[in-house]
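Down below is the structure, laid out as structure tokens.
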Amino acid sequence: MNGKFFRNGIVMLVLVVGTVLLLYTFLVSPTNETPKPYSAYLADVRAGLVTKVTQQDLTLTVTTGNSSSKYITIQPGLGIPSALQETVDAAKAGGQDPNKIEFTAMKASDAGQWVNLLVGALLPVLLIGGFLFFMMRQAQGTNNQALSFGKSRARMFLGNKTVVTFADVAGVDEAKMELQEVVEFLKYPEKFNSLGARIPRGVLLIGPPGTGKTLMARAVAGEAGVPFFSISGSEFVEMFVGVGASRVRDLFDQAKRNAPCIVFVDEIDAVGRQRGAGLGGSHDEREQTLNQILVEMDGFDTATNVIVVAATNRPDVLDPALLRPGRFDRQVILDRPDMKGRVEILRVHSKGKPLDKAFNVEDVAKQSAGFSGADLANLVNEAAILAARRNKKLVGMSEFQEALERIVAGPERKSRVISDAEKLIIAYHEGGHAVVQRILPKCDAVAKVTIISRGMALGYTMALPSEDRYLQSKTEFEDKIAGMLGGNASERLVFGDTTTGASNDIEKASDLARRMVTEFGMSEKLGPLAFGKHEEMVFLGRGIGEQRNYSDDVARQIDDEVRAIIDNAYARAQDVLTRHRDKLDALAAQLVERETLDATEFEALFSDLPPKEPIHGIVPKLESAGAPAGAAQPA
């Protein structure tokens, strides 16, 4: 309001100054006619051409030749008496009769005097006053900014203007069911109050990045039709102690005035970290802010109708007092969607886009295993961009396939110049991966093999799972490691040497083999034990460090077991490639010639073998002779 008044004041000042200047222009200078020199006027008087003279101040309006023409002149003298006397003297000097010249004097204009007064005296006062007013407003604005430093910066959205609903959120049915109760409480509180039920004060949305936590909170506000306050956890934290707590108080004061409402705090781990872990101890500004949040959510005053929804992908670092019942009573997990969820999400994001009739949403969902909701939205958008780049009117499967590969491996780099010798090495390397994964029973089916460079990779083999999996067995890991080492084994088998192209494969295989021994308990020698305490960012998949809790002798045994797993997988890969060398050579030759083979073209090379059947997981052992069906076997 103050800023608006300030802007209006400046506009009014400009209008006043402009009006004064216009008045001065029209009243003081009523004509734009160029004055004639005063000496020329006296010459006309001496020549007898002047018949009438009208004087106002120092301006003379001269009529010549029986009122046929007029002009003005400015007298350089001191006033009317001197102008009259000079006119008479000029007429006599020219031998003319002064009485034939009609000389009239008019009173000076009052408006002109007032305008002269305004311009000469009032305008400087206005300018100086406007400058002082501007400086005072600037100083006052600085004071207002200092006073508003502790105000909440939350953005408020009215419920009737929020366009996101649960229909716009797909793939998280369980989370929507949990949050539906919050919506019903905000709409029909008497339904719960009649049974003595209390709605959770806070709902914590937990999940990896891109799974729709913020979108879910907006959908809750849109469904409930109540005001929605949105703020990030980092907006509470400032350099000065007490500012964050002041902003928390102001936020909840605004929320209480607009109750019932929803307060959404995104990335709450920025302010909700466990206390006592900072360098500042209990006097840390972040911890003061957290203390105020704890009090506002469940302090002495509990008669509020404000629901707090927060989102984080770091629940492991949150303070236990923040997670206890009474504050964040309910924790809702939003994980990456399964096959059904990906289909629903793709349908939501492809709504309104012109899709080709050959587009199959199930095939795209099957190929995008492990994608989050944000990844799928990006996939649909990339496909639409590719269709526009190709000047197409419809988005087809080829655009979705290309968009999927761009997201996973990066854009194609056809401009990279690769020699024929290196192209052959890459062909045999990728062919080794593909052949081993085709032959071993528990490897995923090969969907595409290419030697076209993408991103940092010189070529790649795409193997896609046939279904979503949540458990993986030891034999699956062993086949997977053998498939990773197939490229290196192929190079050694064909060329008798190896290249740096297998470095990433070896790194991933070694890491998986070590995890089999130290995390999953899949070592026959060491047994079902976990070695080393790992600290990692939950939902982010990044390790922070490892605390060693085993001896040097056990460390040597771990290395031996990892070596045994890698050696066994490498031997299996070499055995497969040796037995199917003809398939490897044929595949490499086609890759050199055509650069890319899809699933159908790849399977045509193995037409003499039975089709690959997806075999995953573990199956029960056959029951021993004489044991009744369903009887438990001794351990």
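Values reported hereafter were calculated over all heavy atoms of this structure, with side chains retained and with hydrogens, waters and symmetry mates removed.
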* Verdict with reasoning, D356 to M397, per side chain to side chain contact (heavy atoms under 4.5 Å, CB included) -> CA-CA 8 Å; D356 190 81; M397 282 297 295; over 6 Å; no
* **Presence of salt bridge, E399 and R390, under 4.0 angstrom** => yes
* **Note: E267-R314 ion pair, threshold 4.0 Å (strictly below)** => no
* Can we say D329 and R324 salt-bridge, meaning some charged N sits less than 4.0 Å from an Asp/Glu carboxylate O? -> no
* Before accepting this row, confirm whether a basic side-chain N of the pair D338/R342 lies closer than 4.0 Å to the acidic partner's carboxylate O. => no
* Flag, side chain of D266 to backbone of S232, donor-acceptor distance under 3.5 Å -> no
* How are the rings of F531 and Y550 set to each other: parallel, tilted or perpendicular (split at 30° and 60°)? -> perpendicular
* In terms of heavy-atom contacts, does NZ of K448 have more than 12 from other residues, nucleotides or ligands at under 6.0 Å? -> yes
* Would you say Y460 and T450 make side-chain contact, with heavy atoms under 4.5 Å? -> yes
* Donor-acceptor contact below 3.5 Å, side chain E223 vs main chain F166 -> yes
* Crowded around K353 NZ? As in, over 12 foreign heavy atoms under 6.0 Å? -> yes
* Is the shortest distance from a Lys or Arg side-chain nitrogen in D479 or R572 to a carboxylate oxygen in the other one below 4.0 Å? -> yes
* Does a donor on one side chain and an acceptor on the other come within less than 3.5 Å for D505 and H433? -> yes
* **Sidechain N-carboxylate O distance under 4.0 Å for D316, R273** => no
* Check whether more than 12 heavy atoms from other residues, nucleotides or ligands sit under 6.0 Å from atom CZ of R563, and answer yes or no. => no
* Asked: Can you check whether T499's main-chain N or O pairs, donor with acceptor, with E491's side chain at less than 3.5 Å?
  -> yes
* To do: Locate the shortest heavy-atom distance separating A219 from V169; write the atom from each residue and the value.
  => CB-CG2, 3.9 Å
* Is the F228 ring parallel, tilted or perpendicular to the F264 ring (thresholds 30°, 60°)? -> parallel
* side chain to side chain contact (heavy atoms under 4.5 Å, CB included) between L379 and V364, intermediate numbers included -> CA-CA 10 Å; L379 171 63; V364 177; 3.8 Å; yes
* Min side-chain heavy-atom separation P611-E603 under 4.5 Å -> no
* Asked: To the nearest 0.5 Å, what is the distance between CD (Q367) and CZ (F400)?
  -> 11.0 Å
* Asked: Hey, what do you get for NE2 (H429) to CD1 (I425), rounding to the nearest 0.5 Å?
  -> 11.0 Å
* Starting from the C-alpha separation in whole Å, work towards a yes-or-no answer on salt bridge (charged side-chain N to carboxylate O under 4.0 Å, His left out) for K442 and E478. => CA-CA 9 Å; K442 292 191 175 182; E478 290 173 344; over 6 Å; no
* **Q557 and E561 side chains, donor-acceptor separation under 3.5 Å** => no
* Test item: E601 side-chain N/O and D598 main-chain N/O as donor-acceptor pair under 3.5 Å -> yes
* Asked: After noting the C-alpha distance and the side-chain angles of V361 and R347, does the key distance pass the side chain to side chain contact (heavy atoms under 4.5 Å, CB included) rule?
  -> CA-CA 7 Å; V361 66; R347 284 175 177 165; 3.8 Å; yes
* D552 with R556: basic N within carboxylate O range, under 4.0 Å -> no
* **Donor-acceptor contact below 3.5 Å, side chain D319 vs main chain G272** => no
* In Å and rounded to the nearest 0.5 Å, what is the CG to CG distance from L404 to D363? -> 11.5 Å
* Asked: Would you say the side chain of L204 lies within less than 4.5 Å of the side chain of K213, judging by non-hydrogen atoms?
  -> no
* **Short N-O contact, E402 and R454, less than 4.0 angstrom** => yes
* To do: Could you tell me which non-hydrogen atom of A513 sits nearest to which non-hydrogen atom of I566, and how far apart they are?
  => CB-CD1, 3.9 Å
* **Whether T578 side chain and Q574 backbone form a donor-acceptor pair below 3.5 Å** => yes
* Asked: Between D375 and S372, do the side chains contain an N or O donor and an N or O acceptor separated by less than 3.5 Å?
  -> yes
* **Short side-chain donor-acceptor distance under 3.5 Å, D269 and T312** => yes
* Asked: Which pair of non-hydrogen atoms, one from P208 and one from D335, has the smallest distance, and what is that distance?
  -> CG-OD1, 4.1 Å
* Decide if atom NZ of K474 counts as having more than 12 heavy atoms of other residues, nucleotides or ligands within a radius under 6.0 Å. => yes
* To do: Output the distance between atom OG (S368) and atom CG (L376), rounded to the nearest 0.5 Å.
  => 5.0 Å
* Is a side-chain N or O of S510 found less than 3.5 angstrom from the main chain of E507, in a donor-acceptor match? -> no
* To do: Flag the pair V271 / I268 as yes when at least one side-chain heavy-atom distance between them is below 4.5 Å, and no otherwise.
  => yes
* Any side-chain heavy-atom pair from V182 and V309 closer than 4.5 angstrom? -> no
* Shortest non-hydrogen contact from F606 toward V435 -> CZ-CG2, 4.1 Å
* To do: Find out whether L424 and F495 are in side-chain contact, i.e. whether some heavy atom of one side chain is under 4.5 Å from a heavy atom of the other.
  => yes
* **Cationic tip of R336 above F371 ring, under 6.0 Å, 45° of axis** => no
* Asked: Does a side-chain N-to-carboxylate-O contact under 4.0 Å join R438 and D444?
  -> no
* **Separation between CE of M516 and CG of L512, rounded to the nearest 0.5 Å** => 6.5 Å
* Asked: V494 versus L584: any side-chain heavy-atom pair under 4.5 Å?
  -> yes
* **Exercise: identify the closest heavy-atom pair between K392 and S398** => NZ-OG, 3.6 Å
* To do: Inspect the surroundings of NZ in K366 and state if more than 12 heavy atoms from other residues, nucleotides or ligands are less than 6.0 Å away.
  => no
* Take L179 and K176, measure what side chain to side chain contact (heavy atoms under 4.5 Å, CB included) needs, and give me the verdict at the end. => CA-CA 5 Å; L179 294 171; K176 285 198 288 187; 6.0 Å; no
* Is the backbone of G222 close enough, under 3.5 Å, to the side chain of T165 for a donor and an acceptor to pair up by distance? -> no
* For D553, look at atom CG and say whether over 12 heavy atoms of other residues, nucleotides or ligands are found less than 6.0 Å away. => yes
* Do L355 and S350 have side-chain heavy atoms sitting under 4.5 Å apart? -> yes
* Closest contact, heavy atoms only, A434 versus V446 -> O-CG2, 3.9 Å
* **Whether H349 side chain and V380 backbone form a donor-acceptor pair below 3.5 Å** => no
